[in-house]
Amino acid sequence: MKYNQYAYVETDYQTQVKELLNIKFLPANFEQLTFSELLTTMVANVLAEVNPQDEDARKVKLTEFAVSSNQNLTAFLTNKPEKISVEQFYNVALQLLGYHVQYDYDLANPVKFMKKQALPTVSQIDNSTDLIAAFYRLLNTRTKNGQILLDVMAGKGYFYDRRNELPQNEFVLFNGKSQPVFDTSKVIREVVYVECDLDTDGDGHPDLLQTTIFRPSESAKMPVPALYTADPYFGGVIANEKRNHSVDENLTDATIWSNPQYQPANHIKAKAPTSSNTDANPATERALNKAPYTLNEYMLARGFASVVAGAIGTRGSDGLRITGGPEETESAKAVIEWLHGDRIAYTDRTRKHETKANWCNGNIGMTGRSYLGTLQIALATTGVAGLKTIVSEAAISSWYDYYREHGLVIAPEACQGEDLDMLAETCQSNLWDAGDYLKIKPKYDEMQKTLLAKADRLTGQYSDFWDVRNYRHHTDQIKCSWISVHGLNDWNVKPKNVYKIWQKVKNLPIEHHLFLHQGPHYNMNNLVSIDFTDLMNLWFVHELLGIENQAYKQWPQVMIQDNLEADTWHQEQDWSNDCGHESTYYPTDDGQLQKDGNGQKQLTFTDVGGKEFKKAKISENDWQNQFISGAKKWAKASLRFSTEEFIHPVTIVGRPTVKIRVSSNLNKGQLSVALVELGERKRLTPTPRLIMPGGQELGYRFGTDTLQEFMPDKVTPAKLITKGHMNLQNYADLKKSRAIEANQFYDLEFQLQPTYYKLPVQSRLCLIIYSTDQGMTKRPLEDTTYTVDLTQTEIRFNQQS
């Protein structure tokens, strides 16, 4: 497994010396030391678990390291060497990086192992200058636990033991990144109540929003940036899966659609903040919860405050959850306005004592995944002052694209029957407090009915109600820099969400980057194959501290993890249908999928909805695995066409488009299409495999994270590449239904979810046309017969060879 490293900033020797002196790794009198004395000192300094004041303990530890198969480091140093060979140095270096002789590498050839792991090496170490440069690079090299060596040292107490020697109340930078010099044993944990301009509960008062802050104690004497996570789950979640809507129902004639309208909540002007920065009171309520994201904890140890708020309707806050609506955006934005000094907050819900974020330097970044990443997109599109950057993971850019698709009700993966109202219930955690329950419950019940009615589960059509939940309409307001992270196998927040907003963001005059990993609905900050946390450290230092550290030049705009080799990351300039060249494939009468020659027949299949699925009593995931693999029980309700084996690898890029001429024996219908890779081979694990549970220290005695990565797994016969769904009644307009007649052919054209997928040699591409997707669509109770005219059916996509 290669430990790719993109966050290392090339640095000249003079700067290296300055930084090494600054962190007290290089002694002030280093120019007077002999080569062997300097080598002894720097190796001993890496051993941060030993008291730096105990020279005897430091020196005796050197006997634990070998420079070759017949000599330990102490014996080597006894001869007072004036240089060290590259092999000898990297034998010691690998041990310092956490690797083990014989188990991980051979003392006879350490450089070969370094190259295998993609670990950097120098070409010679013939003098003290070479040695210093080699150690500078080594401190910035990723260790066996995935972190750079200096991070590992920090977790053992390196900076803690030197706290009195380091600059006080200052950020300490090394290779462009902030170091954990802040005292994590004294983190200030407090709660304030931000006032917004909404009155969603209708009590005549502006809603108060409980906001939780974790900040370095040093922020009392120096301003620090804030990493804000808008987290509707932070106050707790109300789990009530039994109330998810039934999907075992027949499709409805979509022409009954009535375009439900958006109705805004009540607004009421909040009090303006006082002008004096000194006219403020300290917070009086202590934070009890923990920050929801380890990246925030990691950066907290490095001087960046972590701020979390669930906003309206969550525990400790006023109001109602209005999933995806402008009110949700407005309430979450109020927290940024307070951090920037533009809005009032109170020490408690009495509204008597104003408190200010005097500790914040006014620069705010945002982090978080899923709903937490979604609200980042929402806030970025407001252009709110103070928001400098977002790192949005697995985020929704249009709520219609989360719960609907091409005129159909479509569930997120593993969430059949969920909808806007159910998600609102999940996050309405202020119902947990009995006093709030008495106040909120009647309004909440009313809101639930409104959300259910306007979301329109009967037809699944686009409407004005969904339109206001499309953040992509407002990308022209984005002023902050932008990082999107998404899993190419995310069937919860499907890749269309990130793809569509990327097509807009990439054209804006802002710095923008995209990471696509091989996971489902996952973070990527602790993957082995990429130093994402270090990249974000570099990024936040640049964006929130305003320090030029080459962050914009360190990696390309698009980074895509390979689906065959997880430690390969493709460096691209874009992800779109403009990449590669277009290929068209046609299904034929004999079940082939080929580049030339349409089929001439009309082929028929009968869909039985969810009847067989319910009898089988298997999970939706098991159904999908059996279905794409061609199990006879499920394949009979579909048409399947496959190519010959590929003799060269082919990569599908962007959004495949399918054209199908189809009829239904009813005056309604739903069509699903899947692209599948066929071939018996080992594929990557669907989720990352845990490699070192709790193996990464976030700071000195300040929590841990787990190293993980996608790994080659068991042999499987097939892998879903992408899929899509469409209501037959939207044949003429994806946003408006039309009446259709039974047994009448209609031409459908729609795009599947975007992808970046490499088909290896000897694999085959399979096109599956079917109707009911047991995990996502409604599961009708009636049989429906579909006929596909192959003369007017094709699939086209862009590919790279």
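What's counted below: heavy atoms across the whole structure, side chains too, no hydrogens, waters or symmetry copies.
Panel note: side chain Glu405, backbone Gly460; no donor-acceptor pair is recorded below 3.5 Å. Listed for the Asp436 side chain is no donor-acceptor partner under 3.5 Å among the backbone atoms of Gly316. Using modelled atom types, one side-chain atom of Thr200 and one backbone atom of Leu320 make a donor-acceptor pair closer than 3.5 Å. Between the side chain of Lys778 and the backbone N or O of Arg457, at least one donor-acceptor pair lies under 3.5 Å. In terms of modelled atom types and a separation under 3.5 Å, the side chain of Gln503 and the main chain of Trp575 share a donor-acceptor contact. Of the possible polar contacts, one joining the Arg321 side chain to the Ile312 backbone as a donor-acceptor pair under 3.5 Å is found. Checked by atom type and distance alone, the side chain of Lys668 pairs as donor or acceptor with a backbone atom of Leu251 at under 3.5 Å. Checked by atom type and distance alone, the side chain of Asp199 never pairs as donor or acceptor with a backbone atom of His267 at under 3.5 Å. Listed for the Gln477 side chain is no donor-acceptor partner under 3.5 Å among the backbone atoms of Thr382. Remark: the backbone N or O of Gly313 is not paired with any side-chain donor or acceptor of Ser317 at under 3.5 angstrom.
Side-chain contact between Phe750 and Asn730 is absent, with no heavy atoms from C-beta onward closer than 4.5 Å. Residues Phe532 and Val485 meet the side-chain proximity criterion, which asks for heavy atoms closer than 4.5 Å. Side chains of Ser481 and Lys388 form no contact here, defined as non-hydrogen atoms less than 4.5 Å apart. When side chains are defined from C-beta on, Leu227 counts as touching Leu544, because their heavy atoms get closer than 4.5 Å. Side-chain contact between Thr450 and Gln263: absent, with no pair of heavy atoms (C-beta onward) separated by less than 4.5 Å. Here the side chains of Lys500 and Arg655 are in contact, with some heavy-atom distance below 4.5 Å. The shortest distance between side-chain heavy atoms of Thr211 and Val307 falls below 4.5 Å. At least one side-chain heavy atom of Val308 sits under 4.5 Å from a side-chain heavy atom of Phe214.
Of the residues Lys269, Arg351, Lys271, the one that meets the salt bridge (Lys or Arg N to Asp or Glu O under 4.0 Å) test with Glu195 is Arg351. Each of Asn492, Ile410, Thr323, Leu420 was checked for a side chain to side chain contact (heavy atoms under 4.5 Å, CB included) with Tyr402, and the lone residue meeting it is Asn492. With Asp421 as the partner, the side chain to side chain contact (heavy atoms under 4.5 Å, CB included) test is satisfied by one option alone out of Gln448, Lys454, Met447: Gln448.
Put simply, OH on Tyr462 and CG on Asp401 are 8.0 Å apart, with the number rounded to the nearest 0.5 Å. Atom NZ in Lys221 sits 5.5 Å away from atom CG in Asn169 (nearest 0.5 Å). From Lys506, atom NZ reaches atom CG of Leu514 across 10.0 Å, with rounding to the nearest 0.5 Å. One finds the OG atom of Ser219 at 4.5 Å from the CD1 atom of Ile188 (value rounded to the nearest 0.5 Å). With rounding to the nearest 0.5 angstrom, the CE atom of Met422 is 4.5 Å from the NE2 atom of His245. Within the model, atoms CG of Asn537 and CZ of Arg302 stand 6.5 Å from one another, a figure rounded to the nearest 0.5 Å.
With sequence neighbours left out, Ser392 forms a side-chain hydrogen bond (donor to acceptor under 3.5 Å, both in side chains) with no residue at all. In this structure Asn525 satisfies the side-chain hydrogen bond (donor to acceptor under 3.5 Å, both in side chains) test together with Thr294, Asp705, sequence neighbours excluded.
Trp432 and Gly235 make their closest contact through CZ3-O, 3.9 Å (heavy atoms, listed as atom of the first residue, atom of the second, distance). Among all heavy-atom pairs drawn from Gln416 and Asn244, the shortest one is O-ND2, 3.3 Å. Taking both residues in full, the closest heavy atoms of Ala254 and Gln729 are given as N-OE1, 2.9 Å, listed atom of the first, atom of the second, then distance. Considering every non-hydrogen atom in both Phe540 and Leu295, the closest pair reads CE1-CD2, 4.3 Å. The shortest heavy-atom contact between Ala226 and Leu339 is CB-CD1, 4.2 Å. Closest of all the heavy-atom pairs between Ala385 and Asp342 is CB-OD2, 4.4 Å.
The local environment of OH in Tyr552 is crowded, with over 12 non-hydrogen atoms from other residues, nucleotides or ligands closer than 6.0 Å. Under a cut-off of 6.0 angstrom, the local environment of NZ in Lys479 is sparse, with at most 12 non-hydrogen atoms contributed by other residues, nucleotides or ligands.
Cation-pi check for Arg469 over Phe465 is met; the charged atom lies under 6.0 angstrom from the ring centroid and within 45 degrees of its normal.
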- request: Just do the side chain to side chain donor-acceptor pair (under 3.5 Å) check on Gln461 and Asn259 with the steps written out, would you?
  value: CA-CA 8 Å; Gln461 297 295 307; Asn259 191 16; over 6 Å; no

query: Does the salt bridge (Lys or Arg N to Asp or Glu O under 4.0 Å) test come out yes or no for Arg349 and Asp318, once each step is laid out?
result: CA-CA 10 Å; Arg349 294 175 77 173; Asp318 298 330; 2.6 Å; yes

message: For a side-chain contact (heavy atoms from CB on, under 4.5 Å) check, start with the C-alpha distance between Thr329 and Tyr471, then their side-chain angles and the critical distance, and finish with the verdict.
response: CA-CA 10 Å; Thr329 302; Tyr471 308 125; 4.0 Å; yes

- prompt: Between Glu190 and Thr355, does a side-chain contact (heavy atoms from CB on, under 4.5 Å) hold up when you go through it step by step?
  reply: CA-CA 11 Å; Glu190 58 192 3; Thr355 186; over 6 Å; no

message: Is there a side-chain contact (heavy atoms from CB on, under 4.5 Å) between Asp231 and Tyr293? Walk through the geometry before answering.
response: CA-CA 10 Å; Asp231 182 4; Tyr293 188 22; over 6 Å; no

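Judged by distance alone, the side chains of His473 and Asp467 do bring a donor and an acceptor atom under 3.5 Å apart. Inspection of the Thr229 and Thr367 side chains reveals an N or O donor paired with an N or O acceptor under 3.5 Å. A donor atom on one side chain and an acceptor atom on the other are not found under 3.5 Å apart for Gln751 and Tyr499.
The aromatic rings of Tyr403 and Trp466 sit tilted relative to each other, their planes meeting at an angle between 30° and 60°. Phe171 and Phe304 have perpendicular rings, their planes meeting at more than 60° on a 0 to 90° scale where under 30° would count as parallel.
Taking a cutoff of 4.0 Å between a charged side-chain nitrogen and a carboxylate oxygen, Asp197 and Arg343 qualify as a salt bridge. A salt bridge does not link Lys449 to Asp445: none of the charged nitrogens lies less than 4.0 Å from a carboxylate oxygen. Between Arg404 and Asp419 a salt bridge is recorded (basic side-chain N to carboxylate O distance below 4.0 Å).
Aromatic rings from His513 and Trp539 are positioned such that their centres are separated by under 6.0 Å.
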